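Values in this document were obtained by computation on a predicted structure and should not be read as measured data.
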Amino acid sequence: MQPSSSSVIRTRRQALLAGCFLALILPAGLDAQPGSSLFGGSRFLPVDQAFSYYTSLDSDSQVSIHWTIAPGYYLYADKFSVSVSRPESESGELAFELPAGVAHHDEYFGDVTVFYDSLRISLQLPQALTAGTEDIVLQLDYQGCAEAGLCYPPESRQIPIYR
């Protein structure tokens with residue numbers, strides 16, 4: 001049994017609409033290979049490669065976080081927060097000072113301060129946490145973007161500090 005002409009037209013119309021929809025959301029030249037991007041075929045770095053960091057225990061009461069920011073990427077100054085805790089003990093937000101950043105107009109957040117290339121944050125640990133030998137866990141929150149137009153969601157990392 002052959003489909004009716006109205007069902008063929010309806011099926012073709014649905015296929016055409018689906019194709020138009022895909023043409024709107026998928027840029028030309030999209031490579032359908034695994035790992036390809038929906039952003040014009042360019043590839044964005046995974047967040048941990050775009051914004052890599054390591055920590056250093058500078059003294060019993062000071063920890064530094066050292067960032068390496070990939071070329072073409074930046075971190076927002078106002079999206080940083082760091083809190084600290086010890087298992088079964090005190091916890092709380094840590095105050096820190098950021099170095100001078102770069103003024104930037106961002107399509108998502110307006111006029112902001114950002115950091116390119118590298119960044120170091122020094123954290124003074126509260127006296128209550130520096131006494132003793134228990135490990136400390138830092139809760140690090142941050143957010144960054146690629147200049148090519150991808151804004152990563154806010155990131156949160158648990159960083160154990162072994163003493």
Side-chain angles (χ1 to χ4, degrees), residues 22 24-27 29-163:
L22 287 174
L24 289 172
I25 64 168
L26 298 178
L30 177 66
D31 180 4
Q33 300 298 316
S36 67
S37 170
L38 295 178
F39 305 100
S42 67
R43 297 179 79 159
F44 291 99
L45 294 174
V47 68
D48 290 329
Q49 288 180 15
F51 314 111
S52 64
Y53 66 89
Y54 69 92
T55 58
S56 63
L57 186 58
D58 303 333
S59 71
D60 285 343
S61 62
Q62 185 173 355
V63 174
S64 291
I65 304 172
H66 307 261
W67 295 88
T68 300
I69 304 166
Y73 293 79
Y74 55 89
L75 287 169
Y76 295 106
D78 65 342
K79 303 296 181 193
F80 282 102
S81 72
V82 182
S83 58
V84 64
S85 66
R86 279 168 93 173
E88 321 244 343
S89 185
E90 293 186 36
S91 63
E93 193 81 15
L94 289 179
F96 56 90
E97 289 187 32
L98 292 170
V102 176
H104 176 76
H105 182 76
D106 186 89
E107 67 180 283
Y108 300 103
F109 298 111
D111 293 328
V112 294
T113 301
V114 299
F115 299 100
Y116 294 94
D117 304 319
S118 64
L119 173 65
R120 179 177 179 233
I121 300 173
S122 293
L123 307 163
Q124 192 69 35
L125 299 175
Q127 179 70 29
L129 291 175
T130 59
T133 58
E134 284 185 62
D135 297 334
I136 297 170
V137 177
L138 296 179
Q139 170 75 36
L140 173 64
D141 298 310
Y142 62 95
Q143 186 174 11
C145 286
E147 289 181 328
L150 173 67
C151 192
Y152 292 88
E155 296 294 325
S156 186
R157 299 289 185 270
Q158 298 282 322
I159 304 170
I161 305 296
Y162 302 107
R163 303 178 332 126

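Closest approach of I69 and S118 over heavy atoms only: CD1-N, 4.3 Å. For the residue pair L45 and A70, the shortest heavy atom distance occurs at CD1-CB, 3.5 Å. Residues F115 and A77 approach most closely at CE1-CB, 3.5 Å, considering heavy atoms.
To the nearest 0.5 Å, the span separating CD1 on I136 from CG on L57 amounts to 8.0 Å. Distance check: L94 CG to S81 OG gives 10.0 Å after rounding to the nearest 0.5 Å. Taking OG1 of T113 as the reference point, atom CG of L75 lies at 12.5 Å (rounded to 0.5 Å). Here the straight-line distance linking atom CZ of F109 with atom SG of C145 works out to 6.5 Å at 0.5 Å rounding. Rounded to the nearest 0.5 Å, atoms OH (Y53) and NE2 (H66) are 13.0 Å apart. Note: T55 OG1 to I159 CD1 = 6.0 Å, rounded to the nearest 0.5 Å.
For F96, the ring-ring contact (aromatic ring centres under 6.0 Å, His included) criterion is met by no residue, not counting sequence neighbours. Applying the ring-ring contact (aromatic ring centres under 6.0 Å, His included) test to F80 and every residue at least two apart in sequence or in another chain returns W67. Partners of D58 under the side-chain contact (heavy atoms from CB on, under 4.5 Å) rule, at least two apart in sequence or in another chain, are S56, Q62, S64, R120.
Inter-residue side-chain proximity for Y74 and V102 is flagged as unmet; no heavy-atom pair is nearer than 4.5 Å. Residues D48 and R157 are in side-chain contact: their nearest non-hydrogen atoms beyond the backbone lie under 4.5 Å apart. The side-chain heavy atoms of Y116 and E147, taken from C-beta on, include a pair separated by under 4.5 Å. Contact of the C151 side chain with the Y76 side chain is registered, since non-hydrogen atoms from C-beta on lie closer than 4.5 Å.
Counted within 6.0 Å of OH on Y108, heavy atoms from surrounding residues, nucleotides or ligands total more than 12; the atom is thus considered enclosed.
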Run the numbers on L138 and L123 for side-chain contact (heavy atoms from CB on, under 4.5 Å), then give the verdict.
CA-CA 10 Å; L138 296 179; L123 307 163; 4.1 Å; yes
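Taking the six-membered ring where tryptophan is involved, the planes of Y142 and F51 are perpendicular, since the angle between them exceeds 60° and thus also 30°.
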